[in-house]
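Labels below follow one simple rule: chain letters A, B, ... track the order of the sequence lines, proteins then strands, and each chain is numbered from 1.
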Protein chains: 2
Amino acid sequence: NIIIKNLSKEYVMGKVIVKAVNNIDLDFEKGEFTVLAGPSGSGKTTVLNAIGGMDDPTNGKILVDNVNICELSNSEISDFRKDKLGFIFQQYNLIPVLTAFENIRFSLDIMKKLSKKEKAIKVEQIMEEMDILEYKKHRPDELSGGQQQRVAVARALVKDPEIILADEPTANLDSKTGETILQLMKRMNVEKNITFIFSSHDKRIIEFAKRVVWLEDGKIKNIENR
Amino acid sequence: NIIIKNLSKEYVMGKVIVKAVNNIDLDFEKGEFTVLAGPSGSGKTTVLNAIGGMDDPTNGKILVDNVNICELSNSEISDFRKDKLGFIFQQYNLIPVLTAFENIRFSLDIMKKLSKKEKAIKVEQIMEEMDILEYKKHRPDELSGGQQQRVAVARALVKDPEIILADEPTANLDSKTGETILQLMKRMNVEKNITFIFSSHDKRIIEFAKRVVWLEDGKIKNIENR
Ligand SMILES: Nc1ncnc2c1ncn2[C@@H]1O[C@H](COP(=O)(O)OP(=O)(O)OP(=O)(O)O)[C@@H](O)[C@H]1O
Ligand SMILES: Nc1ncnc2c1ncn2[C@@H]1O[C@H](COP(=O)(O)OP(=O)(O)OP(=O)(O)O)[C@@H](O)[C@H]1O
Ligand SMILES: [Mg+2]
Ligand SMILES: [Mg+2]
């Protein structure tokens, strides 16, 4: 599980202090299916980046299975991300020189225990489920926006990690495709007890979620439990 | 107005030919408020990029006010884009080393006839309307996803061009912010007779539009006139 205490993230810009996250307390249980919602600029990505160890908070603690990840060294954080986490970035962050297939397989490469053949089967299977198998040899700049997004989603899901942090995973997808991906994530959540924490404006995700944490100006405004 | 005849765009990838757009005929009248809709990968961005002279089609003609833009030289195309067009990119394409304010003012710089002071007033006004004035000194990597998107939208709108091509302009915005921007665009369309052509999955844009062109696999599947 994840325990966040007094989390703050500030940016100093000249004389102005931007409080992206302002003293948040928030807990997540194993196997949750929860979304961080709220207006553009309310702090959703900043909270996800903090949980994912992508960014150092200005203040506060983040305990993941009782280990405070804010106190880990760079190599310990990178092991944490490799072993426990799948991250879907809001801007995809695909590797431009690799094909769609190689981008997804890359996240299995860092988990050493599979053979090359086993990896290829897992990558093809998730690409089939996301309806992007036909584009496996395309590089990111040879893919549509929504196809790039699905490669970014597949790259996180293929790992079957303990925790998946998904930042706006359906923003560039049509209803039917977005729905299919949400159903797939829900199945992984129920069958494998994987914890999903989303950031999203998408009504479909907010309706699917078991819990909605509403942020505004870096603070928690309201929590809905379904 | 815009007349598209026999438009095709193909990519050759090894032995496979990807038909991104497959022989489309489509006309747009001045002052339209139209959306290209359809599944991810159906060809929406490719059609917008062709109209905007961003990409050479494999085949076909695109007449803008009776000039075939496919036959223009590079410098003539760049004049066409500078004088007549505002483009909102699906991935924003902001200039990383400039602030939000400078990114928006840059699109006025290429229209020589305003003084520095007049430009600053126009930039501040559009940023105020898009609720991003407070972030004017932030660079793109110091902005949230939806804030970057609004800078990209503002950069196109501030020019008051004849034609605005908007590729998924609300994908990363919450309902309220997306709604505000759509109302602003509708006002510009009605008051200044600016032609808007959108690519979008967003139900709000599809409902707002006067005409919906449904694409599938690079072809026009259906056209709805409201
Ligand atoms: N450079 C390229 N090389 C090969 N195929 C490409 C290239 N660019 C685009 N494509 C393909 O052309 C098709 C249409 O792409 P396009 O970006 O127009 O779709 P779209 O409707 O905008 O999709 P989305 O809603 O996901 O943004 C896609 O299947 C894509 O993979
Ligand atoms: N590097 C930075 N420097 C200064 N301010 C920043 C920086 N990164 C983010 N911010 C600010 O922090 C606030 C929160 O940003 P964040 O990306 O978490 O918002 P968000 O809720 O994900 O928004 P969106 O829905 O638009 O993606 C924003 O107002 C943003 O401008
Ligand atoms: Mg965000
Ligand atoms: Mg597109």
Does atom NZ of Lys186(A) have more than 12 heavy-atom neighbours from other groups under 6.0 Å away?
yes
Within a reach of under 6.0 Å around CG of Asn74(B), are more than 12 heavy atoms found that belong to other residues, nucleotides or ligands?
no
Carefully, step by step, assess Val18(B) and His138(A) under the rule side chain to side chain contact (heavy atoms under 4.5 Å, CB included).
CA-CA 11 Å; Val18(B) 178; His138(A) 289 224; 4.0 Å; yes
For Gln147(B), is it the side chain, the backbone, both, or neither that has a heavy atom closer than 4.5 Å to a heavy atom of chain A?
both
Can Lys203(A) and Ser175(B) be counted as having a side-chain donor-acceptor contact under 3.5 angstrom?
yes
For the student: nearest non-hydrogen atoms of Asn172(B) and His201(A), plus distance:
O-NE2, 3.1 Å
Heavy-atom count around Glu128(A) CD within 6.0 Å, excluding the residue itself: above 12?
no
Got a sec: does the CG of Asn189(B) have more than 12 other heavy atoms crowding it under 6.0 Å?
yes
Measuring heavy-atom distances to chain A, does Tyr135(B) have an atom under 4.5 Å in its side chain, in its backbone, in both, or in neither?
neither
Chain A contact via Ser40(B) - which portion, at a heavy-atom distance below 4.5 Å:
both
Tell me if the CG atom of Asn22(B) is crowded by more than 12 foreign heavy atoms within 6.0 Å.
yes
Evaluate whether atom NZ of Lys119(B) has more than 12 neighbouring non-hydrogen atoms of other residues, nucleotides or ligands under 6.0 angstrom away.
yes
Structural part of Gln148(A) lying under 4.5 Å from a heavy atom of chain B:
side chain
Is atom CZ of Phe106(B) surrounded by more than 12 heavy atoms (other residues, nucleotides or ligands) closer than 6.0 Å?
no
Side chain, backbone, both or neither: which part of Glu134(B) has an atom under 4.5 Å from a heavy atom of chain A?
neither
Can you tell me how far apart OG1 (Thr99(B)) and CE (Met13(A)) are? Round to the nearest 0.5 Å.
9.0 Å
Do you know which of Gln90(B), Glu142(B), Lys137(B), Lys176(B) has the most heavy-atom pairs under 4.5 Å to chain A?
Gln90(B)
Against chain B, label Gln149(A) side chain, backbone, both or neither, depending on which of its atoms sit under 4.5 Å from a heavy atom there.
neither
Which one wins on heavy-atom pair count under 4.5 Å against chain A: Gly146(B), Ala171(B), Gly38(B), Ser144(B)?
Ala171(B)
Crowding at NZ, Lys221(B) (>12 non-hydrogen neighbours, <6.0 Å):
no
Greatest number of non-hydrogen atom pairs under 4.5 angstrom with chain B, of Thr45(A), Asp202(A), Leu173(A), Thr177(A), falls to Leu173(A)
